[in-house]
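Written out below as structure tokens is the structure these notes cover.
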Amino acid sequence: MVCRVLKGLLVDFAGVLTDPDAGRFYDYLAAARERGVRTALLSNAPGASDEVKDTMSDYFDALVFSGEVGVAKPDPAVYLIAADRLGLPAARCAVVDDSAANIRGAVEAGMVGVHHRSVSETLDELAVLFAAG
């Protein structure tokens with residue numbers, strides 16, 4: 001078994017941060033950043049308003065919108081762009097997304113994939129993945 005210390009967390013917006021229990025996830029993101037985990041919002045949206053970007057910057061070190069970078073999930077290239085913006089290699093990053101196809105793309109890029117089904121399950125999995133961090 002290969003053990004790697006994860007230092008980056010990429011998070012999808014729709015389906016993850018729109019979950020009815022997403023407040024708990026935002027709290028996790030703030031705490032993770034305080035522990036030195038680099039975070040990125042990775043969305044297939046065309047972009048976001050400056051107001052939304054300002055709000056999201058409280059939780060994310062990088063904001064990557066497919067419409068702005070010209071490549072969309074599940075293409076592995078978009079995950080590599082996000083990792084690069086965090087200053088981390090793909091192997092040091094995990095991705096949370098509610099789409100199995102997007103998780104496959106992240107894994108192809110060399111990342112750890114977390115298939116989001118509920119905030120509780122996702123937070124439990126992240127607690128294990130980032131325990132060594």
Between the side chain of S66 and the main-chain N/O of S43, is any donor-acceptor distance below 3.5 Å? yes
Might you work through the side-chain contact (heavy atoms from CB on, under 4.5 Å) test for V112 and L6, ending with a clear yes or no? CA-CA 9 Å; V112 174; L6 298 176; 4.1 Å; yes
For N102, check side-chain hydrogen bond (donor to acceptor under 3.5 Å, both in side chains) against everything at least two apart and list the hits. D97
Test side-chain contact (heavy atoms from CB on, under 4.5 Å) applied to R117 and H115, step by step: CA-CA 6 Å; R117 292 178 184 89; H115 191 179; 3.1 Å; yes
SG of C93 to CG of L10, rounded to nearest 0.5 Å, is 5.5 Å
Taking every non-hydrogen atom, the tightest pair across P89 and A83: C-CB, 4.4 Å
V95 reachable from L80 in the ILVMFWY side-chain graph, under 4.5 Å edges: no
To the nearest 0.5 Å, how far apart are CD in E121 and CG in L126? 12.0 Å
For A14, is there any backbone N or O sitting under 3.5 Å from a side-chain donor or acceptor partner on T18? no
So, does R92 use its side chain to make a donor-acceptor pair with the main chain of G8 at under 3.5 Å? no
Can you tell me how far CZ of F60 sits from CG of L41, rounded to the nearest 0.5 angstrom? 4.5 Å
Checking side-chain polar atoms at under 3.5 Å, does R24 have a donor or acceptor matched by the opposite partner on S120? yes
Is the backbone N or O of L86 less than 3.5 Å from a side-chain atom of R38, with the two atoms forming a donor-acceptor pair by type? yes
With rounding to the nearest 0.5 Å, note down the distance linking CG in D54 to CG in L63. 9.5 Å
V96 and V16 have their tightest heavy-atom pair at CG1-CG1, 3.9 Å
Donor-acceptor contact present, side-chain D61 to main-chain A40, <3.5 Å: no
Write down the atom of S118, the atom of D19, and the distance for their closest heavy-atom approach. CA-OD2, 4.3 Å
Do any pairs count as a salt bridge (charged side-chain N to carboxylate O under 4.0 Å, His left out) and have a residue in residues 80-89, sequence neighbours left out, and if so which ones? none
Shortest non-hydrogen separation from Y79 to M111 and the atoms involved: O-CE, 3.1 Å
Could you grab the distance from atom OG1 of T122 to atom NE2 of H116, nearest 0.5 Å is fine? 4.5 Å
Taking the side chain as everything from C-beta on, heavy atoms only, tell me whether F13 gets closer than 4.5 Å to M56. yes
V119 and F25: which non-hydrogen atoms are nearest, and at how many Å? CG1-N, 4.2 Å
Going by the rule ring pair (Phe, Tyr, Trp, His ring centres under 6.0 Å), which residues pair with Y59 if we only count those two or more places apart in sequence or in a different chain? Y26
Checking I103 against D98 for the side-chain contact (heavy atoms from CB on, under 4.5 Å) test, could you report, in this order, the C-alpha distance in whole Å, the side-chain angles of both residues, the deciding distance, and whether it holds? CA-CA 8 Å; I103 292 299; D98 63 314; over 6 Å; no
L29 CG to L17 CG distance, which is reported to the nearest 0.5 Å: 6.5 Å
Shortest non-hydrogen separation from F65 to A45 and the atoms involved: CB-O, 3.6 Å
